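In what follows, a single structure is set out as C-alpha cells and then discussed.
All values below were derived from every heavy atom in this structure, side-chain atoms included, with hydrogens, water molecules and symmetry-related copies excluded. No experiment lies behind these values; they were computed from the predicted model shown.
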Amino acid sequence: MLNPGSNLSSSPDPGLRQVFRRLSNTMERDRLVQQIVAGLRETFQVDRVVVYYFYRRWRGQVVYESLSQPQLSIFGSTGADDCFNQDYADLYLKGRINAIADIKQANIHPCHTEFLQSIAVQANLVAPVITEQGLWGLLVAHHSQPRPWDTADIETIRQASQQLAAAPSIRHS
C-alpha cells in the first residue's frame with residue numbers, strides 16, 4: 001500500500017539502477033547471441049552452432065547454442081581446454097577462421113580430433129569473437145557429417161563474430 005505522503009517521482013536507489021542496467025545488458029546480449037547462433041545454424045543447415053566463452057585465460061565453456069535436435073546439446077561443456085593454448089589463441093587473435101570439412105582428413109592435433117569425435121563432430125567452422133580486451137570467445141558451427149565450407153560460409157561467420165564483438169553488451173563484459 002502506498003503512503004499518501006510518498007514521493008513517486010523520486011529516483012530509484014543507485015544500486016537498484018545498476019542491477020536493472022546489468023539485467024538489461026544481459027538480456028540484450030542473450031537475445032542478440034541467440035538470434036545469431038540460430039540464424040547461422042539455419043543458414044548453414046548444420047547440427048549445432050555454439051558460442052564458447054573464455055572466462056579465464058584459454059579456459060572456457062559453451063554458453064550459447066542452437067541445435068537441430070535437443071540430444072546434441074553440449075551446453076556448459078568446457079571443451080578441450082588442454083588442447084587450446086597460446087599458439088591457437090594468437091592465430092585467433094589475428095582473425096583466423098578455421099574451416100574443417102572433415103576431421104578425418106584434417107591436419108589437426110590428436111587431442112582436438114578426439115574431442116570433436118566425442119561430441120559427434122565431423123566438420124566445423126570456427127571464428128573468433130575479439131573485443132578490445134582480447135579473445136572473448138569463439139563462434140563455432142558443428143556438423144555430424146563431412147561438410148565443405150565455401151567462401152560465403154566463411155564470410156558469414158566472420159561477419160557474425162564481428163557483430164557479436166561490436167555489441168556493447170559483449171564489448172563491456
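Within the model, atoms OG of Ser77 and CD of Gln61 stand 8.5 Å from one another, a figure rounded to the nearest 0.5 Å. With rounding to the nearest 0.5 angstrom, the CD1 atom of Ile97 is 8.5 Å from the CD atom of Glu155. Distance check: Thr113 OG1 to Ile103 CD1 gives 5.5 Å after rounding to the nearest 0.5 Å.
The minimum heavy-atom distance linking Ser161 with Leu139 is given by the pair N-CD2, 3.8 Å. Of all non-hydrogen atoms in Pro128 and Arg96, the two that sit nearest each other are CD-O, 3.0 Å. The nearest pair of heavy atoms linking Ala123 to Gln145 is CB-O, 3.6 Å. Closest of all the heavy-atom pairs between Val37 and Val49 is O-CB, 3.7 Å. Taking each heavy atom of Ser66 and Ala38 in turn, the nearest pair found is OG-CA, 3.4 Å. For His112 against Ile100, the heavy-atom pair with the smallest separation is CE1-CD1, 4.4 Å.
Counting heavy atoms from C-beta on, the side chains of His109 and Tyr88 come closer than 4.5 Å. Within the 4.5 Å cutoff, the side chain of Val50 has heavy atoms near those of the Ile74 side chain. The closest side-chain heavy-atom distance from Thr78 to Arg59 is not below 4.5 Å. Proximity of Leu138 to Val51: side-chain heavy atoms (C-beta onward) are nowhere separated by under 4.5 Å. Looking at heavy atoms from C-beta onward, Ile157 lies out of side-chain contact with Val140 at the 4.5 angstrom threshold. Looking at Ser144 and Gln122, their side chains never come closer than 4.5 Å, going by heavy atoms from C-beta outward. Using a 4.5 Å cut-off on side-chain heavy atoms (C-beta onward), Val121 and Gln117 make no contact. Inter-residue side-chain proximity for Ile108 and Leu116 is flagged as met; some heavy-atom pair is nearer than 4.5 Å.
In this structure, the side chain of Glu42 does not engage the main chain of Gly39 through any donor-acceptor pair within 3.5 Å. Side chain of Tyr52 to backbone of Gly60: a donor-acceptor contact under 3.5 angstrom is found. A donor-acceptor pair is defined here as one N or O able to donate and one able to accept, closer than 3.5 Å; no such pair exists between the side chain of Asn124 and the backbone of His142.
Residues Gln163 and Gln159 have side chains that never bring a donor and an acceptor to within less than 3.5 angstrom of each other. Between Glu65 and Ser73, the side chains place a donor N or O and an acceptor N or O closer than 3.5 Å (distance only, hydrogens not considered). Gln69 and Arg48 are not linked by any side-chain donor-acceptor pair at a separation below 3.5 angstrom, with hydrogens and angles left out of the test.
Here Trp136 and Tyr53 bring their ring centres to under 6.0 angstrom of each other. Residues Trp149 and Phe44 place their aromatic rings such that the two centres sit under 6.0 Å apart.
Residues Leu67 and Val33 are members of separate hydrophobic clusters, defined by side-chain heavy-atom contacts under 4.5 angstrom among Ile, Leu, Val, Met, Phe, Trp and Tyr. Tyr64 and Leu40 fall within a single hydrophobic cluster, where Ile, Leu, Val, Met, Phe, Trp and Tyr are joined by side-chain heavy atoms under 4.5 Å apart, directly or via other members. When hydrophobic clusters are built by joining Ile, Leu, Val, Met, Phe, Trp and Tyr residues whose side-chain heavy atoms come closer than 4.5 Å, directly or via intermediates, Leu32 is grouped together with Val63. Connection of Phe84 to Leu93 is established within a shared hydrophobic cluster, with ILVMFWY side chains joined at heavy-atom distances below 4.5 Å, either directly or through further cluster members.
Screening Asn98, Ile130, Val129 for a side-chain contact (heavy atoms from CB on, under 4.5 Å) involving Tyr92 leaves a single residue, Asn98.
The local environment of CD in Glu132 is sparse, with at most 12 non-hydrogen atoms from other residues, nucleotides or ligands closer than 6.0 Å.
Electrostatic pairing of Asp153 and Arg158 does not count as a salt bridge here, judged by no charged N lying under 4.0 Å from a carboxylate O.
Apart from Leu91 itself, the hydrophobic cluster it occupies contains nothing, where clustering links Ile, Leu, Val, Met, Phe, Trp and Tyr at side-chain heavy-atom distances under 4.5 Å.
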